[in-house]
S.K.: 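Take this structure, written in structure tokens, and hold onto it; I'll ask about it next.
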Amino acid sequence: AGRKGVIVKAFDNGSDGKKFGFCVVVGIDRYPRKITRSMGKKKQEKRSKIKPFIKCLNYSHLMPTRYQVDITEKLKKVITEEAYTDASSRIKARQAVKTVLEERYTN
């Protein structure tokens with residue numbers, strides 16, 4: 001039931017509003033759908049779309065794995081301090097994350 005995500009920034013001792021250890025996670029909310037050879041180019045592009053998310057999660061709600069992703073550094077550059085505090089900047093950051101994830105998926 002969970003979604004795959006990448007930890008972008010960790011706050012082990014918490015911060016101002018949160019008294020517990022948490023981390024900022026970037027992940028995929030809606031995965032791309034299956035593509036077959038017989039589909040047209042327009043349909044393939046439509047099915048290749050990804051819906052990302054940016055969330056602050058408590059450490060106790062995570063299940064870490066040993067998997068590594070090669071786009072972690074790109075995601076860290078996209079996410080700024082305001083991306084997980086301000087709603088309007090979170091929308092812009094989510095759009096930037098979407099381009100990074102879709103670029104990685106198509107290549």
Side-chain angles (χ1 to χ4, degrees):
R3 295 294 183 184
K4 309 296 185 284
V6 178
I7 295 176
V8 177
K9 191 167 173 96
F11 297 91
D12 294 330
N13 299 325
S15 69
D16 301 338
K18 298 175 175 69
K19 303 287 187 223
F20 49 86
F22 68 97
C23 57
V24 178
V25 179
V26 171
I28 300 176
D29 212 9
R30 188 184 316 121
Y31 294 99
R33 299 170 70 188
K34 184 179 177 183
I35 295 174
T36 59
R37 197 181 300 172
S38 62
M39 291 180 189
K41 195 168 189 88
K42 191 174 182 181
K43 190 165 190 174
Q44 286 181 0
E45 287 176 8
K46 195 168 189 174
R47 287 177 151 250
S48 298
K49 292 204 171 34
I50 294 173
K51 182 182 176 186
F53 67 83
I54 301 171
K55 291 184 181 178
C56 294
L57 292 176
N58 191 335
Y59 281 134
S60 62
H61 296 222
L62 296 175
M63 192 174 110
T65 62
R66 294 186 188 183
Y67 294 114
Q68 294 183 349
V69 185
D70 56 350
I71 58 170
T72 308
E73 295 303 320
K74 288 182 183 178
L75 292 173
K76 286 182 181 180
K77 290 178 186 173
V78 169
I79 303 299
T80 59
E81 193 80 26
E82 297 86 35
Y84 46 89
T85 56
D86 183 37
S88 62
S89 61
R90 188 181 303 131
I91 293 170
K92 293 175 186 170
R94 194 181 305 133
Q95 189 67 32
V97 167
K98 181 177 180 172
T99 57
V100 170
L101 291 174
E102 285 181 352
E103 175 196 332
R104 172 64 178 89
Y105 176 70
T106 55
N107 293 335

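Worth knowing before you read on, the calculation uses all heavy atoms, side chains too, and leaves out hydrogens, waters and symmetry mates.
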S.K.: With a 4.5 Å cut-off on side-chain heavy atoms, are K76 and K9 touching?
M.R.: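 Contact flag for K9/K76 side chains = no.
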S.K.: Side chains of N58 and K18: does their closest heavy-atom pair fall under 4.5 Å?
M.R.: no
S.K.: If two hydrophobic side chains count as joined below 4.5 Å and joins carry through other members, does V25 share a cluster with Y59?
M.R.: yes
S.K.: Report yes if the side chains of K74 and E103 come closer than 4.5 Å at any heavy-atom pair, otherwise no.
M.R.: yes
S.K.: Under 4.5 Å between side-chain heavy atoms, hopping through other hydrophobics if needed: is there a path connecting I54 to I7?
M.R.: no
S.K.: Say you draw a straight line from CG of D29 to NZ of K55; how long is it, rounded to the nearest 0.5 Å?
M.R.: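 Output value for this atom pair is 6.0 Å.
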S.K.: Which heavy atom of P52 sits nearest to which heavy atom of I50, and what is that distance?
M.R.: CD-O, 3.5 Å
S.K.: To the nearest 0.5 Å, what is the distance between CD (Q68) and CZ (R66)?
M.R.: 11.0 Å
S.K.: If you measure from SG on C56 to CZ on F11, what distance do you get to the nearest 0.5 Å?
M.R.: 7.0 Å
S.K.: Can you tell me how far apart CZ (F22) and CG (N13) are? Round to the nearest 0.5 Å.
M.R.: 10.5 Å
S.K.: Heavy-atom count around D12 CG within 6.0 Å, excluding the residue itself: above 12?
M.R.: yes
S.K.: Considering all heavy atoms of both residues, which atom of L101 and which atom of G27 are nearest to each other, and what is their separation?
M.R.: CD1-O, 4.2 Å
S.K.: Out of E102, R33, R30, which one pairs with K49 under the side chain to side chain contact (heavy atoms under 4.5 Å, CB included) rule?
M.R.: E102
S.K.: Are the side chains of I28 and K4 in touch, meaning some heavy atoms are under 4.5 Å apart?
M.R.: no
S.K.: Side chains of L62 and C23: closer than 4.5 Å at any heavy-atom pair?
M.R.: yes
S.K.: Report yes or no: do I79 and V6 belong to one cluster of Ile/Leu/Val/Met/Phe/Trp/Tyr joined by side chain heavy-atom distances under 4.5 Å?
M.R.: yes
S.K.: Among the clusters formed by ILVMFWY side chains lying less than 4.5 Å apart, do V69 and Y105 turn up in the same one?
M.R.: yes
S.K.: Taking CZ in R47 as the centre, count heavy atoms belonging to other residues, nucleotides or ligands within less than 6.0 Å. Is the count above 12?
M.R.: yes
S.K.: Hydrophobic cluster membership, with links at side-chain heavy-atom distances under 4.5 Å among I/L/V/M/F/W/Y: are Y31 and L75 in one?
M.R.: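 Linked, Y31 and L75 end up in one cluster.
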S.K.: Closest approach of R104 and D70, non-hydrogen atoms and distance?
M.R.: NE-OD1, 3.0 Å
S.K.: So, taking the atom named CE in M39 and the one named NZ in K46, what distance separates them when rounded to the nearest 0.5 Å?
M.R.: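 So the gap between those two atoms works out to 12.5 Å.
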S.K.: Report yes if some heavy atom in the side chain of F53 is under 4.5 Å from a heavy atom in the side chain of R3; otherwise report no.
M.R.: yes
S.K.: Compare every heavy atom of A96 with every heavy atom of T99, then report the nearest pair and how far apart it is.
M.R.: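 In this case the closest contact between T99 and A96 is OG1-O, 2.6 Å.
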S.K.: Check whether more than 12 heavy atoms from other residues, nucleotides or ligands sit under 6.0 Å from atom NZ of K98, and answer yes or no.
M.R.: yes
